[in-house]
2 protein chains.
Amino acid sequence: MGTRQGRPVGRPRGFDVDDALERAMLVFWEHGYEGASLVNLTEAMGISTTSMYATFGNKEELFRKALERYSEGPGAYVTRALDEPTALGVATAILAGTVRTTTRAARPHGCLGVQGALATGDTARGARDRLAAWRNDVYSRVRERFQRAVDDGDLPADTDPAFLARYVTTVSAGIAVQAASGVGSDELQEIADVALRHWPIH
Amino acid sequence: MGTRQGRPVGRPRGFDVDDALERAMLVFWEHGYEGASLVNLTEAMGISTTSMYATFGNKEELFRKALERYSEGPGAYVTRALDEPTALGVATAILAGTVRTTTRAARPHGCLGVQGALATGDTARGARDRLAAWRNDVYSRVRERFQRAVDDGDLPADTDPAFLARYVTTVSAGIAVQAASGVGSDELQEIADVALRHWPIH
DNA sequence: CTTATTTTGCATCGATCGATGCAGAAACGA
DNA sequence: TCGTTTCTGCATCGATCGATGCAAAATAAG
């Protein structure tokens with residue numbers, strides 16, 4: 001092979017792509033897709049619009065990549081939660097993760113997957129649909145995990161995994177809205193606790 | 001007194017203010033504050049921008065009045081629910097009202113109070129803060145109603161009315177998000193049912 | 001009929017929106 | 001050094017944003 005790996009041809013980038021994407025994610029998280037202007041984004045990213053378009057494509061693509069980064073960063077608690085040994089552990093971890101992630105002092109309050117683009121104009125339809133699909137993906141993964149718990153006998157045989165997953169994601173979304181409104185983590189963790197007190201819900 | 005009541009001086013309006021406000025409310029409900037442009041709004045209202053500004057002030061004032069109308073129309077279930085004789089009746093009516101209002105086929109899905117302006121840019125900060133205050137007002141009224149239930153012996157003396165109100169409004173907000181994502185009323189009503197199955201929550 | 005008052009239609013404002021064209025700068029291999 | 005490739009800085013694009021100025025139109029009062 002030979003000259004694989006190593007600096008690519010051409011002028012090297014003057015900024016770190018991951019850093020810039022992280023900052024863009026924070027802007028989308030705080031202001032939503034429509035509320036985040038290119039000026040907001042590029043100033044936070046520390047780059048020009050030219051560099052942004054050359055690197056990320058356009059605003060919607062930037063949002064898509066920022067959402068990916070959110071899933072792998074602040075939203076990674078979802079995937080980790082699915083590895084909990086019991087269905088109750090999964091539900092508990094998801095709600096605790098939601099509370100923690102939506103109320104961190106140093107981060108925007110709320111959940112990017114909820115407040116990023118809930119109701120939008122026509123130009124933001126792509127971002128809105130993408131976010132709805134993102135939420136549905138979380139729901140589906142939780143549902144499949146609960147189905148496995150039923151199959152394994154961890155949950156009673158008459159449990160409806162879809163309903164249980166809808167319940168958990170609904171409480172999670174509610175917590176995210178409350179966090180966006182400024183409600184604190186202690187109060188929201190109590191909500192999470194009581195929502196699972198009579199688990200398995202049926 | 002004499003000539004009170006009767007047509008006001010000047011050229012009469014060529015449109016019905018209530019009709020126009022209703023239509024504006026529907027546009028804000030569907031697209032959110034930022035996603036609803038003046039063109040969207042005035043076309044739906046059937047009037048010119050000149051008439052809109054002369055009658056309602058500006059976009060933010062129009063939103064304020066549309067939110068008022070929402071409270072007295074689709075959102076009136078909250079006030080009605082507070083008149084239920086028991087705390088459980090109040091909670092049940094609020095969640096059932098949320099499900100019904102956020103999933104009507106002929107109306108935008110979701111809740112204007114949630115998706116109208118959850119995360120916004122700087123120019124929509126007024127609308128966002130107003131909506132947060134609106135949600136907080138609902139919470140406060142439910143909390144006061146539950147406090148009364150404690151005082152009356154309808155709820156156990158050791159019940160925390162604030163916590164109970166936060167629980168109900170959190171589930172309500174979660175339902176609103178799910179409805180905005182397209183989840184149907186039957187499934188959401190089941191969520192509402194199970195959320196209150198072990199009432200009073202503690 | 002005249003005057004006062006209010007609304008409407010039309011044109012348009014400056015600002016901001018997302019997005020590009022282009023030339024120069026900075027790296028590469030030959 | 002040269003040619004190639006890629007990225008950056010600057011200027012700017014057309015479209016849309018929310019918002020107004022102004023004169024004609026439509027009513028009531030005198």
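In what follows, every chain begins at residue 1, and chains take the letters A, B, ... in the order their sequences are listed. This one's a predicted model, so the numbers in the text were calculated from it and none came from an experiment.
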For Thr123(B), which residues count as a side chain to side chain contact (heavy atoms under 4.5 Å, CB included) partner, sequence neighbours excluded? none

Rounded off to whole Å, could you give me the OH-to-P distance for the Tyr53(B) and dT8(C) pair? 16 Å

Among dC17(C), dA28(D), dA19(C), the one nearest any side-chain atom of Val39(A) is dC17(C)

Any N/O donor-acceptor pair, Thr123(B) side-chain to dC17(D) base, under 3.5 Å: no

Got a second to check how far Gln189(A)'s CD is from Leu95(A)'s CG, nearest 0.5 Å? 8.0 Å

Between dA19(D) (P) and Leu41(B) (CG): distance, integer Å: 11 Å

Starting from P on dC10(C), measure out to CD1 on Ile47(B) and report it in whole angstrom. 15 Å

Less than 3.5 Å between a donor and an acceptor, one on the side chain of Thr49(A) and one on the base of dT20(C), is that the case here? yes

To the nearest angstrom, how far is Leu62(B) atom CG from dG18(D) atom C1'? 12 Å

Hey, which of Tyr139(A), Trp199(A), Phe163(A) is the one that makes ring-ring contact (aromatic ring centres under 6.0 Å, His included) with Phe146(A)? Trp199(A)

Which residue lies more 5' along DNA chain D, comparing Val9(B) with Met52(B) via nearest heavy atoms: Met52(B)

For atom CD of Glu34(A) and atom C1' of dG18(D), their distance in whole Å: 15 Å

Gap between atoms OH and P, on Tyr33(B) and dC17(D) respectively (whole Å): 13 Å

Heavy atoms under 4.0 Å, any strand shown: does Ala36(B) hit a base, just sugar-phosphate, or nothing? sugar-phosphate

Derivation of the side-chain hydrogen bond (donor to acceptor under 3.5 Å, both in side chains) call for Ser51(B) and Arg13(B): CA-CA 9 Å; Ser51(B) 295; Arg13(B) 279 202 188 87; over 6 Å; no

Looking at every strand, decide which applies to Ser51(B) at a 4.0 Å heavy-atom threshold: base, sugar-phosphate, or nothing. sugar-phosphate

Look up atom CD in Glu190(B) and atom OG in Ser185(B), then write down how far apart they are to the nearest 0.5 Å. 10.0 Å

So does Arg64(A) pair up with Glu68(A), basic N to acidic O under 4.0 Å? yes

Counterpart residues, side chain to side chain contact (heavy atoms under 4.5 Å, CB included), relative to Asp122(B) (two or more places apart): His31(A), Arg125(B)

d(CZ, Phe56(B); P, dT20(D)) in whole Å: 16 Å

Would you say dC17(D) has OP1 or OP2 under 4.0 Å from some side-chain N or O of Ser37(B)? yes

Confirm from the modelled atom types if Thr55(A) and dC7(D) form a donor-acceptor pair under 3.5 Å, side chain to base only. no

Looking at the side chain of Leu38(A), which of dT8(C), dG18(C), dC22(C) is the nearest nucleotide? dG18(C)

Using a 4.0 Å cut-off on heavy atoms, which residues in residues 10-25 of chain A reach DNA chain D? List them by number, or say none. Gly10(A), Arg11(A), Pro12(A), Arg13(A), Gly14(A), Phe15(A)

note: His31(B), atom NE2; dC17(D), atom P; distance rounded to Å ~ 12 Å

